[in-house]
Peer 1: 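Below is a structure I'd like to ask you about.
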Amino acid sequence: MAKPPALTPQADDFPRWYQDVLAKAELADNGPVRGTMVIRPYGYGLWERMVAEVDQRIKVAGAENAYFPLFIPESYLTLEAQHVEGFSPELAVVTHAGGKELDEPIVVRPTSETVIGEFMAKWVNSHRDLPLLLNQWANVVRWELRTRLFLRTSEFLWQEGHTAHATEADASAYALQILHDVYRDFMVDVLAMPVLIGRKTRQERFAGATNTLACEAMMGDGKALQMGTSHELGQNFAKVFDIAYQDADGTQQICWTTSWGVSTRMMGGLIMCHGDDQGLRVPPRLASVQAVVMVIRDDEGVVDAAGRITDELLAAGVRAKLDGRTDTSFGRRATAWEIKGIPVRIEVGPRDLANGEVTVVRRDTGEKAQCALAAVGATVTGLLDAIQAGLLAEATQRRDDRTADVATLDEAREAAQVGFARIPWAVLGEEGEAMLARDAITVRCLQRPDGSVPASEDEPDVVAVVARAY
RNA sequence: CGGGGUGUGGCUCAGCUUGGCAGAGCGCUGCGUUCGGGACGCAGAGGUCGUGGGUUCAAAUCCCGCCACCCCGACCA
């Protein structure tokens, strides 16, 4: 008889399944303060890989890392009208420190446009100082009313890029460049998530932005998750913080700024995009452990052979790990690695070794195959590529199967029960957007018919992608 | 902030209606047998029953207050 499932099946209760994966895959726990999160070593290892891949792309895009303080004077937040309105309700404010009440309350950053703007103003004087391209990896705090591990926590980890440009066109092009070359490239190529890119509607725009671009992904249950955003801030913050420069003609000009970020929310997206009833499935390019070499039993030569195979894989550039815990049963260990989503498992036992081979198992399909000892390196690297491609193909298939082109609000409501609906923006409009919002359906982004990002929502043929969202 | 619900070993929960020695499964520790998909046996460790009061010979159980958390909605990376 089969054991009862280790996890609640997705079809029974998707949110419960998500919670089960977080716990059983040892990804994260709730912190002691409401809405906070403890990221466990295995989960943090995945986040570190995300950081490495995103950071590399940010640097290629020309931005440099810096660090700005956690604490921001409360007065800064009040300077930009939209920004205040957007963030006030979710600020954590320090009123006491050092045993006494502070003269001016200090805000724990919900995002850093203001404090970075203050310093950009100091650092930018001439057109030769532009563009100024900054990024920081940091934690931020937003006192959300309802929280869910990784998807929405009071404190989360992210990178926030902040740039200042001489012209609107330059700022606009850079915001789009980040969306394309950093975010979409990372999400598609590394996370194997076929994200949609597009413009946010006025309603969904970042507080203080003139334009917000976003990457949207479809989760396993058909709901949408915003995976990253890139904002054009116009001159809103530049005017308030006086980020200005003298141009070649000697006249003072106000800068145009952008900001953009991705967060630990991507962890939630990864889990809900690729996970199945057996647990997480980590795309090989992201995986902190790509292949685990399991000793089936401590028979003669088995541990040594497994150690040699691990070394060979490491030498072949595979992030491999040896599991030689023979004091724990094979089945238990196999299940644990499966729940953690390690892409490839190599099982080494006396029976295999007698035949000069090992058993290789793919996590994505569950397929098992025998593999000659001499061919392990090549087989595993080949499998890793196949799994990476397979996960992307599977997610793309689901997204396409669950996306419907519709012509009316009613059809959009129906389609959004299982996935995404594409409806002409000319048909929907802000009124239709408000009506759908009553049924918890939102416009995820506006796209051109070919899926590219429209320069304005007034372009003809703009399509609104609507869905229920996390 | 509205509506619903729950607080009992590390985890999931039973026990509460009708007050009477604080339980189960999983996990954990030790020993032995096992070991190719969540092993089995035996022996153990571990809980001021969320919290403060009240009723009672006696409270996890009944009454009152408080706190925390969860789910559904509005807000949101």
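So that the names make sense, note that chain A is the first sequence line, chain B the second, and so on, each numbered from 1.
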Peer 1: Is it true that A:Asp55 and A:Lys59 have a side-chain N and a carboxylate O under 4.0 angstrom from each other?
Peer 2: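 A salt bridge links A:Asp55 with A:Lys59.
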Peer 1: Just checking A:Phe156: base, sugar-phosphate only, or nothing, at a heavy-atom cut-off of under 4.0 Å?
Peer 2: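 Base contact.
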Peer 1: Taking atom C1' of B:U34 as reference, at what distance in whole Å does atom CZ of A:Arg333 sit?
Peer 2: 14 Å
Peer 1: For A:Pro15, report the nucleic acid contact type (base, sugar-phosphate, nothing); a contact means any heavy atom under 4.0 Å.
Peer 2: nothing
Peer 1: Would you kindly give the CG-to-C1' distance between A:Asn30 and B:G10, to the nearest whole Å?
Peer 2: 15 Å
Peer 1: How many Å lie between CD1 on A:Ile339 and C1' on B:G37, as a whole number?
Peer 2: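 It works out to 12 Å between those atoms.
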Peer 1: Name the nucleic acid region contacted by A:Glu144, choosing base, sugar-phosphate or nothing; use a 4.0 angstrom heavy-atom cut-off, strictly under.
Peer 2: base
Peer 1: Is the closest basic N to carboxylate O distance between A:Lys200 and A:Glu216 below 4.0 Å?
Peer 2: yes
Peer 1: Rounding to an integer number of angstrom, what distance separates B:U29 and B:G10 when you compare their P atoms?
Peer 2: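 Going atom to atom, P in each nucleotide, I get 15 Å.
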Peer 1: Just wondering, do A:Phe330 and B:G36 stack (centres under 5.5 Å, planes under 30°)?
Peer 2: no
Peer 1: Please classify the nucleic acid contact of A:Gly261 as base, sugar-phosphate, or nothing, using heavy-atom distances under 4.0 Å.
Peer 2: nothing
Peer 1: Are A:Asp323 and A:Arg325 close enough, and set up right, to give a salt bridge (charged side-chain N to carboxylate O under 4.0 Å, His left out), and what steps lead you there?
Peer 2: CA-CA 6 Å; A:Asp323 174 7; A:Arg325 297 130 66 208; 3.2 Å; yes
Peer 1: Please evaluate residues A:Glu26 and A:Lys340 with respect to the criterion salt bridge (charged side-chain N to carboxylate O under 4.0 Å, His left out), reporting the C-alpha separation (whole Å), side-chain torsions for both, the decisive distance (0.1 Å), and the verdict.
Peer 2: CA-CA 8 Å; A:Glu26 301 179 347; A:Lys340 284 193 160 83; 3.0 Å; yes
Peer 1: Give A:Ser329 one of three labels, base, sugar-phosphate or nothing, depending on what nucleic acid heavy atoms sit under 4.0 Å from its own.
Peer 2: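 Result for A:Ser329 = sugar-phosphate.
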Peer 1: Figure out the CG/C1' separation between A:Asp439 and B:G73, and round it to whole Å.
Peer 2: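 My rounded result for the distance is 13 Å.
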Peer 1: Do A:Arg345 and A:Glu347 meet the salt-bridge criterion of a basic N to acidic O distance under 4.0 Å?
Peer 2: yes
Peer 1: Say we look at B:C64 and B:U6: how far apart would their P atoms be, to the nearest angstrom?
Peer 2: 16 Å
Peer 1: Heavy atoms only, 4.0 Å cut-off, all strands: where does A:Arg148 land among base, sugar-phosphate and nothing?
Peer 2: nothing
Peer 1: Using whole Å, what does the distance between atom P of nucleotide B:C70 and atom CG of A:Asp20 come to?
Peer 2: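 Rounded to whole Å, this separation is 16 Å.
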Peer 1: A:Thr359 near the nucleic acid: base, sugar-phosphate alone, or nothing, with a heavy-atom cut-off under 4.0 Å?
Peer 2: base
Peer 1: With nearest nucleotides of RNA chain B determined for A:Gly86 and A:Gly349 from heavy-atom distances, which residue corresponds to the more 5′ nucleotide?
Peer 2: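 Nearer the 5' end of the strand: A:Gly349.
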Peer 1: Could you tell me how far apart A:Asp327 (CG) and B:U34 (P) are, to the nearest whole angstrom?
Peer 2: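 Nearest whole value for this atom pair: 17 Å.
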Peer 1: Please give the distance between the C1' atoms of B:C35 and B:C40 as a whole number of Å.
Peer 2: 12 Å
Peer 1: Between B:C1 and B:A60, how far apart are the C1' atoms? Round to whole Å, please.
Peer 2: 33 Å
Peer 1: Do the side chain of A:Arg438 and the base of B:G73 come within less than 3.5 angstrom through a donor-acceptor pair of N or O atoms?
Peer 2: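 When only heavy-atom distances are counted, A:Arg438 does not reach the base of B:G73 through any donor-acceptor pair under 3.5 Å.
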Peer 1: With RNA chain B as reference, determine whether A:Gln19 or A:Glu90 sits nearer its 5' end, using the nearest nucleotide of each.
Peer 2: A:Gln19
Peer 1: Using the P atoms only, state how far B:A68 lies from B:U51, rounded to an integer number of Å.
Peer 2: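 Result for the P pair: 15 Å, nearest Å.
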Peer 1: Scan for ring-ring contact (aromatic ring centres under 6.0 Å, His included) pairs involving residues 214-236 of chain A, sequence neighbours excluded, and state none if there are none.
Peer 2: A:Phe206-A:His231
Peer 1: B:A77, B:G37, B:G36: which one has an atom nearest the side-chain heavy atoms of A:Thr153?
Peer 2: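 Shortest atom-to-atom distance from the side chain points to B:A77.
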Peer 1: Can A:Asp439 and A:Arg413 be counted as an ion pair, charged N to O under 4.0 angstrom?
Peer 2: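 Salt bridge between A:Asp439 and A:Arg413, a charged N being under 4.0 Å from a carboxylate O: yes.
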Peer 1: Inspect the contact between A:Arg57 and A:Asp181 and indicate whether a charged nitrogen and a carboxylate oxygen are less than 4.0 angstrom apart.
Peer 2: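 Between A:Arg57 and A:Asp181 there is no salt bridge, as every charged N stays at least 4.0 Å from the carboxylate O atoms.
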Peer 1: Do A:His83 and A:Phe237 make the cut of ring centroids closer than 6.0 angstrom?
Peer 2: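 Between A:Phe237 and A:His83, which both carry aromatic rings, the centre distance is below 6.0 Å.
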Peer 1: Between the side-chain atoms of A:Lys368 and the base atoms of B:G36, is any donor-acceptor pair under 3.5 Å?
Peer 2: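 In this structure, the two groups form no donor-acceptor pair.
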Peer 1: Rounded to the nearest angstrom, tell me the gap between atom CG in A:Asp298 and atom C1' in B:U34.
Peer 2: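 Those two atoms, CG and C1', are 14 Å apart.
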Peer 1: Any carboxylate oxygen within less than 4.0 angstrom of a Lys/Arg side-chain nitrogen, looking at A:Asp221 and A:Arg468?
Peer 2: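 Result for this pair is no, no salt bridge flagged.
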Peer 1: Using a cutoff of under 3.5 Å, can you pull out all pairs of nitrogen or oxygen atoms linking the protein to nucleotides 24-33 of chain B, with atom names and distances?
Peer 2:
from: B:G27; atom 1: OP1; to: A:Arg332; atom 2: NH2; distance (Å): 3.0

Peer 1: Do the rings of A:Phe156 and A:Trp158 sit parallel, tilted or perpendicular, given the 30° and 60° boundaries?
Peer 2: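 The rings of A:Phe156 and A:Trp158 stand perpendicular, inter-plane angle above 60°.
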Peer 1: Using a heavy-atom cut-off of 4.0 Å across all strands, would you classify A:Asp352 as base, sugar-phosphate, or nothing?
Peer 2: base
Peer 1: Atom CG of A:Leu151 to atom C1' of B:A77: distance rounded to whole Å?
Peer 2: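 That distance rounds to 10 Å.
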Peer 1: Starting at the 5' end of RNA chain B, what dot-bracket string do you get if Watson-Crick and G-U pairs under 3.5 Å are bracketed, crossing pairs use [ ], other-strand pairs use | and unpaired bases use dots?
Peer 2: ((((((((.[[[[.)....(..]]]].((((((.....)))))).....[[[[[..)....]]]]])))))))....
Peer 1: Any non-hydrogen side-chain atom of A:Arg281 less than 4.5 Å from a side-chain atom of A:Leu391?
Peer 2: yes
Peer 1: Taking atom C1' in both B:C66 and B:U56, what distance in whole Å separates the two?
Peer 2: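 Taking atom C1' in both B:C66 and B:U56, they lie 23 Å apart.
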Peer 1: When you get a sec, tell me which of B:G37, B:A77, B:C35 is the closest nucleotide to the side chain of A:Val361?
Peer 2: B:G37
